[in-house]
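What follows is a short report on a single structure.
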Amino acid sequence: TNHFDIFFTQKIISNNFYLKLIKKKIFVIEGIFVFPVFKIFSILSLKFSFFKRFILNPFEEDKIFGNMKLDYDDKKIISEIPKKFIDEGESFLKNLGITKSDNIILLYVRDAAYLKEIFPNIDYSYHDYRNSDIENYIHAVNYAIERGYYVFRMGAIVEKQLDIKNKKFIDYSNLYRSDFLDIFLAYRCSFVIGTPAGYDAIPYLSFKKPILTTNGCPALPLIFSPRSNMIYSLKHYHCKIEKRNLTIKEMLERNLVNMNGPDLLKNNITLHENSPEDLKVMVNEFLDQFEGKLDFSKEKIELRNIFNKTVCDYFVNTKDRRFYEENLLNKKNQYRFRSKISINFLKNNSYLIDN
């Protein structure tokens with residue numbers, strides 16, 4: 001219909017509160033029935049184009065919005081929270097000394113703890129390349145607090161506690177975490193700072209919150225993400241043989257930008273995290289943008305233009321050119337980069353765009 005579409009997923013939505021909200025927009029099938037139905041639709045989609053609208057492929061995250069007659073940049077909130085729950089959430093914040101006028105940042109940094117505890121008999125170590133060390137974010141968090149923001153450390157199960165003794169830092173993961181508050185805070189926050197993971201989809205897709213995605217990997221999904229309200233950085237792709245970090249051009253030419261951790265290791269590539277200084281200057285850039293204070297020189301803006309042009313030039317000359325022209329060109333026949341790499345990150349790591 002015009003208002004509802006059926007989407008099938010192989011995973012059960014773990015947040016029961018969010019599931020109740022999202023069911024108002026999307027018909028969700030849970031449990032053992034999902035995979036057979038998904039498989040049937042996948043097979044049918046190969047012969048009948050009608051069924052393709054129900055299957056999500058790489059770089060088609062925005063198909064959900066197309067099917068729902070929405071756009072990634074639409075300001076409409078997908079999951080509306082009833083007022084009684086908003087009042088309950090604000091009461092929780094009031095008990096922490098947080099008023100309705102205070103700005104809240106959600107900090108979400110992926111680690112291995114959740115998968116290890118929830119799925120103890122499954123080896124998910126091939127995902128470890130996506131993890132980051134929360135302690136590298138301490139300077140960035142303190143900087144945000146100095147500028148007047150409250151910071152909530154998010155995550156259902158986390159490896160490390162963050163040793164920050166300030167009333168504006170809330171150790172939510174260890175002290176207060178609940179299904180309801182996960183969703184309320186996604187609705188209530190000003191924006192999210194974190195790493196690529198599952199939770200960031202809730203504040204962005206449901207509530208249109210800006211996101212600063214740090215330590216991004218794999219690289220290509222971030223570069224071509226349809227999330228226009230996102231600034232990102234990449235992990236450093238370090239070649240063990242050459243003993244140096246690779247440029248974005250080299251990462252593309254060596255086909256590293258979509259590889260997982262084990263495949264990167266086979267190619268003698270290790271991923272290095274963003275430094276605490278990198279994270280701090282990116283938060284500075286993000287806060288300035290949020291507060292309407294961002295004022296980059298032409299020289300700094302040119303850094304991002306060079307990065308985008310390098311990516312464009314590569315895909316124009318590859319076998320995938322047609323796919324990218326069909327999916328990523330705008331009406332003026334220019335590549336559209338909805339997400340934006342952090343200019344401060346590029347300034348600190350100019351090697352990425354060296355020839």
Side-chain angles (χ1 to χ4, degrees), residues 72-75 77 93 96-109 132 134 136-154 162 164 166-170 185-196 200 203-205 207-216 222-223 225-234 273-309 336-350 352-353:
Y72 245 87
D73 296 329
D74 198 315
K75 298 302 181 183
I77 293 176
L93 294 179
L96 296 177
I98 302 174
T99 69
K100 291 183 179 181
S101 62
D102 288 324
N103 286 314
I104 292 172
I105 298 172
L106 305 187
L107 175 68
Y108 183 84
V109 179
S132 297
I134 187 72
N136 288 335
Y137 290 77
I138 291 176
H139 292 313
V141 170
N142 284 328
Y143 176 73
I145 289 173
E146 289 173 6
R147 290 187 59 165
Y149 292 83
Y150 283 85
V151 180
F152 280 64
R153 196 271 178 90
M154 309 299 290
L162 205 54
I164 297 178
N166 190 300
K167 67 177 184 179
K168 288 194 172 184
F169 173 73
I170 313 298
L185 290 172
Y187 158 81
R188 173 63 171 78
C189 73
S190 300
F191 47 81
V192 181
I193 297 171
T195 56
D200 63 349
Y204 185 85
L205 299 183
F207 305 116
K208 302 300 177 186
K209 303 296 183 175
I211 295 179
L212 173 60
T213 299
T214 59
N215 283 305
L222 283 170
I223 294 171
S225 171
R227 301 181 180 189
S228 62
N229 217 7
M230 179 175 76
I231 293 176
Y232 68 88
S233 67
L234 303 175
E273 294 184 32
N274 301 162
S275 70
E277 177 60 24
D278 281 338
L279 295 169
K280 181 179 178 180
V281 298
M282 284 187 284
V283 169
N284 176 42
E285 176 183 343
F286 201 65
L287 295 183
D288 282 350
Q289 177 173 298
F290 178 74
E291 296 173 5
K293 300 176 181 177
L294 198 61
D295 185 20
F296 281 131
S297 65
K298 291 182 179 179
E299 289 77 13
K300 285 188 176 181
I301 294 174
E302 184 61 20
L303 295 176
R304 182 183 285 161
N305 292 338
I306 293 171
F307 180 89
N308 290 345
K309 185 177 185 302
R336 55 181 181 182
F337 289 85
R338 293 185 178 180
S339 61
K340 302 174 182 64
I341 191 165
S342 165
I343 290 178
N344 282 347
F345 174 73
L346 281 178
K347 182 177 181 295
N348 276 12
N349 300 279
S350 58
L352 270 168
I353 52 178

- request: Quick one: do Asn284 and Tyr143 satisfy side chain to side chain donor-acceptor pair (under 3.5 Å)? Show the steps, please.
  value: CA-CA 8 Å; Asn284 176 42; Tyr143 176 73; 2.7 Å; yes
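- For the residue pair Asn274 / Ser233, a side-chain donor-acceptor distance below 3.5 Å is found, with atom types taken as modelled.
- With hydrogens and angles ignored, the 3.5 Å screen pairs a side-chain donor or acceptor of Lys209 with a backbone N or O of Tyr187.
- A donor-acceptor pair under 3.5 Å is absent between the side-chain atoms of Arg153 and the main chain of Phe169, judged by distance alone.
- With a 4.5 Å cut-off on side-chain heavy atoms, Ile164 and Ile138 count as touching.
- Aromatic ring orientation, Phe191 versus Tyr149: tilted (interplanar angle from 30° to 60°).
- With contacts defined as side-chain heavy-atom distances shorter than 4.5 Å, the pair Arg147/Asp288 qualifies.
- Side-chain N/O atoms of Tyr108 and Asp200 include no donor and acceptor closer than 3.5 Å.
- The closest donor-acceptor contact from the side chain of Lys340 to the backbone of Arg338 lies under 3.5 Å.
- Remark: side-chain polar atoms of Asn215 are not paired, donor with acceptor, to backbone N or O of Ser132 under 3.5 angstrom.
- Phe152 approaches Leu185 most closely through the heavy-atom pair CD2-CD1, 3.8 Å.
- With Ile105 as the fixed residue, the side-chain contact (heavy atoms from CB on, under 4.5 Å) test singles out one of Val192, Leu287, Val141, Leu212: Leu287.
- Taking CZ from Arg304 and NZ from Lys347, the interatomic distance works out to 14.5 Å, rounded to the nearest 0.5 Å.
- Rounding to the nearest 0.5 Å places NZ of Lys293 at 15.0 Å from CD of Glu285.
- For the side-chain contact (heavy atoms from CB on, under 4.5 Å) with Asn136, the qualifying choice from Thr214, Asp278, Leu279 is Leu279, the only one to do so.
- Within the 3.5 Å criterion, the main-chain N or O of Phe345 finds no donor-acceptor partner in the side chain of Asn348.
- For the pair Leu162/Leu107, a side-chain contact is recorded, criterion being any heavy-atom separation below 4.5 Å from C-beta on.
- Across Gly216 and Pro196, no two heavy atoms sit closer than the pair CA-CG, 3.9 Å.
- Residue Lys168 qualifies as enclosed at atom NZ: its count of foreign heavy atoms under 6.0 Å is above 12.
- Nearest heavy-atom pair across Gly194 and Tyr137 is O-OH, 4.4 Å.
- Across all non-hydrogen atoms, the minimal contact from Thr213 to Leu222 is CG2-CD2, 3.9 Å.
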